[in-house]
Structures are given as C-alpha cells and as structure tokens.
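Counting begins at 1 with the first residue of the sequence.
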Amino acid sequence: MEKKKKSNRILILVLCFSVILLCAILGCSYYALKVSREKKVQRLHSTVSSQIQTVAELVTLKNVYSSVASVQKAYNGNVFKIAKISGVIRIGIPDIRSVNIQVSSDGKAVNVLLPHSAVLENALTSQELFSERNGIFVKVSTQELFDEINEAMEAQEEELIKSGALSDSDNQAAAILTNMLKACGFEKVTIRFQN
C-alpha cells in the first residue's frame, strides 16, 4: 500500500512537472513568436521607410508649355523683340524624406503623412528670339528680354496652379504610394496630408 501511495505521488509529481514544463515551453514559444512578429513589423517599417525616403522628391505632374514674351520699344516707329519660349513645370512632393510612416503592430496596415505638393521646377527648355523695327534689327537690352521671359514663365505657373494642379498632384502622390504599399503586402493603406 505504501508503495502504491509512493508511486502515485511520484506519478503526480511527474505529471505536475510535465504540465509546468509544457506551460513553460508554450509560454516561451508564444513570447518568441511575439518577438519574431515585432521584429518582422520593425523590418517591414524600416524597409518601407528606406524605400520611400531614398527618393529625394516625387514628381507627380509634368506640364509642358509654350508662350510668347515680347518687349516693345518706340524709336521712329514700332520696335518689337519677341521671344517664343517653351518650358516644363514639374509638380510633386518636394522632400519625400519628411514623410511620416507608421506600420500597425500586426503589420497589415500603414499610415502615411505627406507634405502637400508644390511646384518643384519651372524650367525653360527652348527659346527663339525675333527682333524687328520696320524690317531692321534694333537693340533691346538682355535684361528687358529676361524680365519678359520670367513674367511669361510665372504666368504659366500661376495659370497651372489656378487650374488645380497642386490638388491633382496630391491625389496622384496618394495613388502612387497606395499602390506601392499595397504591392508590399499591406491590406490597409491610409494616406493623409500635413496641414
């Protein structure tokens, strides 16, 4: 009888030890899985951040234009100097490194905070110069001509902004980043713009 009680006690101790060992193993496995998931989310955040932030600026709209700038001087009749100019205006996110990215703890959602779009460049791509005074060329200062060309370029830029190009560029930037992040495996992508 005493042997039976002793063997029952040993059996109970072995069972208790086995249950404790099993709980410890399950607890360690859960902790390891949790740490692994957190590291995966951190790696995903680092990867997404580094990929987005390697881009210096994000050009989302490009507008090519042509215009005419003219300088008129009067000297024994009408004198004109005309410049036909062509240029390109680029609009987009000026500093993509200022983007704020937050990945959810489960790694399924991402929130992105972007600066608003701005004019990145208004560059002159070509110019043709025409000058006439009753069929004879007349000197017009270079500064006068540059002033007229700059005014024509600024007018093109203002017209583009008034037409809603900055808002269109914001929408395009959001679409580009949403598609890129969904391709990275995020199920939910939220894009917001800074005030």
Side-chain angles (χ1 to χ4, degrees), residues 42-73 80-104 107-132 139-195:
Q42 287 174 345
R43 278 194 309 266
L44 186 59
H45 180 270
S46 295
T47 300
V48 169
S49 292
S50 67
Q51 285 181 354
I52 289 175
Q53 293 179 352
T54 56
V55 178
E57 61 186 23
L58 178 64
V59 177
T60 55
L61 291 177
K62 178 180 164 183
N63 182 45
V64 178
Y65 65 88
S66 291
S67 186
V68 174
S70 65
V71 175
Q72 181 177 1
K73 279 191 160 187
F80 292 100
K81 192 159 194 175
I82 299 172
K84 178 183 173 196
I85 60 170
S86 297
V88 63
I89 298 174
R90 290 178 177 79
I91 297 176
I93 306 298
D95 185 7
I96 203 76
R97 292 176 299 241
S98 65
V99 171
N100 184 351
I101 301 166
Q102 296 174 342
V103 177
S104 66
K108 294 181 179 182
V110 62
N111 293 317
V112 180
L113 184 63
L114 290 172
H116 282 283
S117 294
V119 174
L120 302 174
E121 180 181 30
N122 185 353
L124 194 60
T125 56
S126 71
Q127 65 184 19
E128 292 180 65
L129 199 53
F130 304 94
S131 180
E132 174 182 73
K139 185 173 181 173
V140 175
S141 79
T142 306
Q143 188 59 47
E144 289 173 312
L145 187 59
F146 281 140
D147 290 344
E148 288 299 319
I149 289 173
N150 284 334
E151 284 180 30
M153 290 173 67
E154 288 171 5
Q156 289 291 326
E157 186 175 315
E158 287 173 18
E159 184 179 317
L160 188 62
I161 290 170
K162 284 180 185 175
S163 73
L166 295 178
S167 176
D168 292 346
S169 178
D170 283 349
N171 293 336
Q172 186 68 19
I176 289 168
L177 289 175
T178 298
N179 290 337
M180 184 186 92
L181 292 169
K182 285 198 174 196
C184 288
F186 290 104
E187 294 173 12
K188 182 180 178 197
V189 177
T190 304
I191 307 286
R192 292 179 299 123
F193 288 91
Q194 298 169 357
N195 291 331

Where do V119 and I89 land on the side chain to side chain contact (heavy atoms under 4.5 Å, CB included) test, with the steps shown first?
-> CA-CA 7 Å; V119 174; I89 298 174; 4.0 Å; yes
Only pairs under 3.5 Å count here: list side-chain donor-acceptor contacts from residues 186-193, not counting sequence neighbours, and write none if there are none.
unit_1	atom_1	unit_2	atom_2	d
T190	OG1	N111	OD1	3.3

What pairs of donor and acceptor atoms, side-chain ones from residues 152-166 against any protein atom, are under 3.5 angstrom apart with sequence neighbours left out?
unit_1	atom_1	unit_2	atom_2	d
E157	OE1	N122	ND2	3.2
S163	OG	L160	O	2.6

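Applying the side chain to side chain donor-acceptor pair (under 3.5 Å) definition to pairs two or more places apart or across chains, those involving residues 166-184 are T60-S169, H116-D170, S117-S169, S117-D170.
Side chain of T125 to main chain of S86: a donor-acceptor pair is present (N/O by atom type, distance under 3.5 Å, no hydrogens or angles).
Proximity of V99 to P115: side-chain heavy atoms (C-beta onward) are separated by under 4.5 Å at one or more points.
Rounding to the nearest 0.5 angstrom, the gap separating the CG atom in L114 from the CG atom in L58 is 8.0 Å.
Partners of A123 under the side-chain contact (heavy atoms from CB on, under 4.5 Å) rule, at least two apart in sequence or in another chain, are V88, E121.
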